[in-house]
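First the structure, in the form of structure tokens, and then the observations on it.
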Amino acid sequence: MPPVTTAQRPLKQQIFEHVRGLGQVPRVQVARDLRVSPASVTTLTSELIEAGLLEEVQTPREGGWGRGRPAVALRVRPGGYYVMGLKLSDREHTAVVIDLAGRRLASATVARDPRPLSVKATLDAGETLMQRVCAEGGITPDQLSGVGLGTPGFIDGDTGVVHWSPVLDVRGVDLASLLAERLGRPVQIDNDANLVTLAELWFGAGRSLSDFAVVTIEHGVGMGFVMNHQLYRGARGLGMELGHTKVQLDGALCRCGQRGCLEAYLADYALVREARTALNLPDPETRSVGVLLESLYEQAKQGNPAAHSIFRRAGRYLALALANVANLFDPQLIILSGERMRYDYLYAGETQAEMKTMMLETGRAPPALEIHAWGDMIWAHGAAALALQELTAQMLGNGREAAPREPGAREGALS
Ligand SMILES: [Zn+2]
């Protein structure tokens with residue numbers, strides 16, 4: 001693994017994240033990989049073991065000659081601490097309970113009315129899911145060290161306020177505090193795309209990468225970005241709204257109320273809007289978005305030129321978006337995620353070729369692209385990773401409150 005620029009992350013955190021990323025690793029290799037002295041690694045891993053974050057495991061020596069003591073490796077301590085991840089979406093709500101090592105203890109799902117819900121109905125659903133998933137996992141809710149909550153929309157993770165979400169019938173709700181009060185557990189909140197990015201960072205392809213992007217295509221279009229091993233949210237926690245970057249002046253109407261957003265050309269509802277016209281569907285059309293898209297996909301595969309052109313056009317907008325992401329951030333990897341990635345027209349060879357033509361010509365290969373067609377459970381896992389992130393930050397002694405805000409610099413500038 002190449003050395004990474006990690007100057008601003010405490011060494012103890014780097015060691016914990018390194019062990020987490022590799023699964024199981026001897027101290028001597030940690031020292032080698034992070035280019036620090038074995039003595040520092042020994043001191044800091046003792047503290048991590050003391051804090052209950054890591055543990056030692058015996059591993060057979062290489063070569064298996066059986067001489068001397070077995071080798072000792074470090075790994076994240078499973079069990080002991082549990083967190084719940086909760087994902088609100090427009091069709092169903094899902095929950096998982098995982099331990100510190102990311103092992104899933106239990107999961108649960110409740111169906112819901114697809115219309116935007118009241119705050120009370122949302123809190124009720126959260127409570128029902130917590131009871132169910134804890135019963136399923138054989139633990140009590142008070143054994144949960146924290147809860148991560150994910151919803152689509154504009155979410156301020158620092159304040160816990162949902163500015164707007166398609167699953168809620170009101171704007172500007174302090175949903176994290178309300179849910180924490182209802183559940184009696186600390187709650188962290190974030191949007192879908194950040195959650196799936198956290199899931200990749202903690203449990204997936206991003207474990208060993210310092211800088212990568214995740215672009216999600218579902219009912220909306222989202223993006224999460226990991227910069228220097230950490231989720232980047234912007235100064236006020238509202239950045240990375242790739243779906244609402246404008247790709248057309250005075251263009252198609254978006255769910256956010258503005259025109260010309262990427263999402264209005266690429267998300268579920270954009271494809272369905274075009275499908276209605278192209279496939280001459282009856283109005284009102286009563287089939288669900290999922291069923292309609294499946295039918296559109298079938299027709300494209302059977303050679304219906306109108307259906308095919310809808311996916312191709314969406315694929316071109318995706319290429320444009322990916323090229324913009326690459327030109328802005330230069331990530332090592334872009335992961336395309338979400339249920340819609342089953343529709344391979346979106347990321348066919350033409351899309352990747354178009355992306356390349358829209359990137360600056362630097363003589364280097366474009367960032368690697370990976371497609372991850374996760375089910376809905378990945379979002380709940382990401383929500384759980386959000387709670388894990390907060391829990392481990394507290395255990396490492398640098399909770400979110402301690403995040404650098406540089407008050408000194410600001411005061412200095414004013415004086
Ligand atoms: Zn928009």
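As a basis for the values below, the full set of heavy atoms in this structure was taken, side chains included, without hydrogen atoms, waters or symmetry mates. Counting convention: from 1, in listed order, for ligands and their atoms alike.
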For a distance under 2.8 Å, give residue and atom name for each protein N, O or S atom next to the Zn ion (ligand 1). His244 ND1, Cys254 SG, Cys256 SG, Cys261 SG

What residue pairs, at least two apart or across chains, pass side chain to side chain donor-acceptor pair (under 3.5 Å) with a residue in residues 171-182? Asp124-Arg182, Glu127-Arg182, Asp174-Ser177

cation_pi(Arg207, Trp202) dist<6.0 Å, angle<=45: no

For Phe225, ring pair (Phe, Tyr, Trp, His ring centres under 6.0 Å) partners two or more places apart: Phe329

Crowded around Asp113 CG? As in, over 12 foreign heavy atoms under 6.0 Å? yes

Using the side-chain contact (heavy atoms from CB on, under 4.5 Å) rule, pick out the option among Thr140, Leu105, Leu144 that qualifies with Cys134. Leu144

Output all residues satisfying salt bridge (charged side-chain N to carboxylate O under 4.0 Å, His left out) with Asp169, sequence neighbours left out; order by chain, then residue number. none

